[in-house]
There are 4 protein chains.
Amino acid sequence: MDKKSEILQAAIKVFMRENYQNMKTAIIAKEAGVAEGTIYRYFKNKKEIFVEILNYYSKYIPEYLFENIKQKNDFETNLNILIDNYDKLSKEHKNFKKAYYKGLSEIEDERIKNILKFTLEDSFKRLENIFIWANNKKEGNFTKTSIEVITNTLWGLAEVIMKKEILGCEDVMEKDEISKMVKLIIKLK
Amino acid sequence: MDKKSEILQAAIKVFMRENYQNMKTAIIAKEAGVAEGTIYRYFKNKKEIFVEILNYYSKYIPEYLFENIKQKNDFETNLNILIDNYDKLSKEHKNFKKAYYKGLSEIEDERIKNILKFTLEDSFKRLENIFIWANNKKEGNFTKTSIEVITNTLWGLAEVIMKKEILGCEDVMEKDEISKMVKLIIKLK
Amino acid sequence: MDKKSEILQAAIKVFMRENYQNMKTAIIAKEAGVAEGTIYRYFKNKKEIFVEILNYYSKYIPEYLFENIKQKNDFETNLNILIDNYDKLSKEHKNFKKAYYKGLSEIEDERIKNILKFTLEDSFKRLENIFIWANNKKEGNFTKTSIEVITNTLWGLAEVIMKKEILGCEDVMEKDEISKMVKLIIKLK
Amino acid sequence: MDKKSEILQAAIKVFMRENYQNMKTAIIAKEAGVAEGTIYRYFKNKKEIFVEILNYYSKYIPEYLFENIKQKNDFETNLNILIDNYDKLSKEHKNFKKAYYKGLSEIEDERIKNILKFTLEDSFKRLENIFIWANNKKEGNFTKTSIEVITNTLWGLAEVIMKKEILGCEDVMEKDEISKMVKLIIKLK
DNA sequence: AATGAATGAGGTTTCATTCAT
DNA sequence: TATGAATGAAACCTCATTCAT
């Protein structure tokens, strides 16, 4: 791993533990085992570090969420993998959400906005593909409209579940409950 | 309006325009037409101001969203009012979301967490009521499970639409599209 | 004296002793008996302090140099006052030159350039007046050209003398020598 | 050209463009096409570079100004060459003045003071020679005093013209005007 | 001899908070 | 109760200099 990544990983660690304002350059430097000045050889300023954290997750999350989801798989397999991935993601990587929420709260910055927008649209496209592939293989018969309904609904559901988990609500759904709901939702027309 | 409210309103105005870090006490004081020191007669510190902004919206938003939704209305009327309210809210009050996202990004603060949690749970309860009332009036026949499915799905959809709007995505749904989707979703069992 | 002036005077003191780079805000604050932050209530940044130092001298120096030189005085009196003033200035205020030279070395800054330019032109105008008044009173008969020659020559002489003094050259002229030279120069046509 | 000279020339280039504070070692290194560390093989520290820049110009400027001025030339020829040289110098090498002014503003450094002092005295000596030679050849009859008057006046005039040019004043003298003034000045006694 | 990544002291600047009036 | 000038800790960032390679 090169030094820039080391610093970025240290910054992520600090960011997750503290928050943006408490993400002091001094602490990042200490965590990364470098001098403060070294940070500035790799990042123009502190904001840039945050942007790269966001960037990192913006690539990492969809990669993780859609891992192993492939055109050649049959529809149901892909669906099950998706639910599995989501379940693992929501359990193991709860913290990454903070980066998104922080990003969303600073949305007037065009670059941040674009990162978040791109990630969202990219994820929606990948999600839609699952249904388009199903159509192609005659495993499903989803109209353009129903795909829109289903993807938005599924994604929304995921947001809600995640938020409830983060907030420690009591009625968070378990994996098999989620699974049942997804089965219902894909019948929406 | 008392002085504390004046300061809070000024703070909200500044927060919406800028963000938390740029919400300088000097600017709030100027906007509120008071001296900087005066702020500290009404708020212990700056964080307290943010907490109260969050509090304000935590009451305001559900109030707005569920305005005129009443037990005595029939089911369809309530649903239409809800969609109307949401549509207005998302158009007129886009900015309030920033406060939530900022709040979510500082979730390790127990008080902030509790405010957000309470609001979410409160809103879900109000949403569920619509379906429970429908059952009571024999206008619907929603099982406990289907109410859970429907409320989570609807709320999730709302989140997605709002996020897409904030990020300036192109495929944001219009009110009648949303309406159609809601009609579909309430059939989920 | 108000606080801004106090800080400025402290800054001048430090600037004269050290130089621009060693004119640390911490030292200025200490010298002025205020906190570092206080400086920034009165000056936007450190450069601004230097600009105001330059501004201060840009007003102070011509004021000093042309003090008591008046239209009603006869020509010779004005000339003698000028030589006197110059002599005192060069003896008592040698240090102010550092500010000018520092200014000249940063001439790409438009504001600094303008301050220096204005001062120079202002001083030349005041110097020319002495000769114009003499004409008006029939005490002299200086053509436009000869006034130009004389003022430039006199001013240049002053610059040279000052520079030699600053550099500690041995052949610096004494007041009566200067006086004799001035008497010669005003005969230039 | 050896490496030290390359670095020095690069430093001069940077210094003329920027100013001392913006004359970053990183930029000098880049401009010279060497590594930053290499600079420290040839110069003890950054100040040393500036001292050598001053040194360079302290030799270069008199060399340029008095080029082709020789004992064997007749008085008027030397005078014309001088005016020519000055004219070219002031047009082509305006920037070098910045180094002098910067030097003058840091005059408490003994080495810098001495460089500037030596240059000034050296130039005055060369200037005086022109008149001494004229005496020797019976082309003129300048007393010791009049030589002093004339050299100081001429030099001062040159300073004023240069300063007005640098500051962008409008009444800067053209070459033939200067020439006429010089003709007048050499008649001073 | 040359490199250039790494250093870290120390500078400027910010701004929430205080407190004498 | 209200003020707002003053505070000063602490943040970010710079850049001349070093030193292992």
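So you know, we letter chains A, B, ... as the sequences are listed, proteins then strands, and number each from 1. Quick caveat, the model's predicted, so the values are computed rather than measured.
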To the nearest Å, give me how far apart CZ (Phe43(D)) and P (dA2(E)) are.
-> 13 Å
For the residue pair Ser5(A) and Asp2(A), confirm or rule out a side-chain donor-acceptor distance under 3.5 Å.
-> yes
Let me know the distance between CG of Asp2(D) and C1' of dA2(E), rounded to the nearest Å.
-> 15 Å
Grab the stems for DNA chain F, please: at least three consecutive Watson-Crick or wobble pairs, both distances below 3.5 Å, written as range with range.
-> E:2-21 with F:2-21
Around atom CZ of Arg111(A), are there more than 12 heavy atoms of other residues, nucleotides or ligands at under 6.0 Å?
-> no
Report, one pair per line, the protein and nucleotides 16-18 of chain F atoms (nitrogen or oxygen only) whose separation is under 3.5 Å.
{"unit_1": "dA16(F)", "atom_1": "OP1", "unit_2": "Lys46(D)", "atom_2": "NZ", "d": "3.2"}
{"unit_1": "dA16(F)", "atom_1": "OP2", "unit_2": "Thr25(D)", "atom_2": "N", "d": "2.8"}
{"unit_1": "dA16(F)", "atom_1": "OP2", "unit_2": "Thr25(D)", "atom_2": "OG1", "d": "2.6"}
{"unit_1": "dT17(F)", "atom_1": "OP2", "unit_2": "Tyr40(D)", "atom_2": "OH", "d": "2.9"}
{"unit_1": "dT17(F)", "atom_1": "OP2", "unit_2": "Lys46(D)", "atom_2": "N", "d": "3.0"}
{"unit_1": "dT17(F)", "atom_1": "O4", "unit_2": "Glu36(D)", "atom_2": "OE1", "d": "3.4"}

To the nearest angstrom, how far is Glu18(B) atom CD from dT14(E) atom P?
-> 15 Å
NA contact type, Tyr42(D), heavy-atom cut-off 4.0 Å: base, sugar-phosphate, or nothing?
-> sugar-phosphate
Measure from NZ or CZ of Lys47(C) to the centre of the six-membered ring of Tyr20(C), then state whether that distance is under 6.0 Å and the direction lies within 45° of the axis.
-> no
Lys59(B) to Phe118(B) six-membered ring, cation-pi geometry met (6.0 Å, 45°) | no
Residue pair Lys113(D) / Leu167(C): nearest heavy atoms and the distance that separates them = CE-O, 3.8 Å
Spacing between Ile7(D) atom CD1 and dA1(E) atom P, to the nearest angstrom = 12 Å
Does OP1 or OP2 of dA2(E) have a side-chain N or O of Arg41(D) closer than 4.0 Å?
-> no
Lys30(B) side-chain N/O to dG4(F) phosphate OP1/OP2 under 4.0 Å = no
Nearest whole angstrom, please: distance from the C1' of dC15(F) to the CD1 of Ile39(D).
-> 12 Å
For Leu8(A) and Ile49(A), work out which heavy atoms get closest and say how close.
-> CD1-O, 4.1 Å
Lys117(B) side-chain N/O to Gly168(A) backbone N/O, donor-acceptor pair under 3.5 Å = yes
Whole-Å distance, Ile28(B) CD1 to dG4(F) P, equals 17 Å
So which heavy atom on Met23(B) is nearest to which on Ala11(B), and how close?
-> SD-O, 4.1 Å
Any donor and acceptor pair, going by atom type alone, linking the side chain of Asn19(C) with main-chain N or O of Asn22(C) inside 3.5 Å?
-> yes
Choosing from dA2(F), dA2(E), dA6(F), which nucleotide comes nearest the side chain of Thr38(B)?
-> dA2(F)
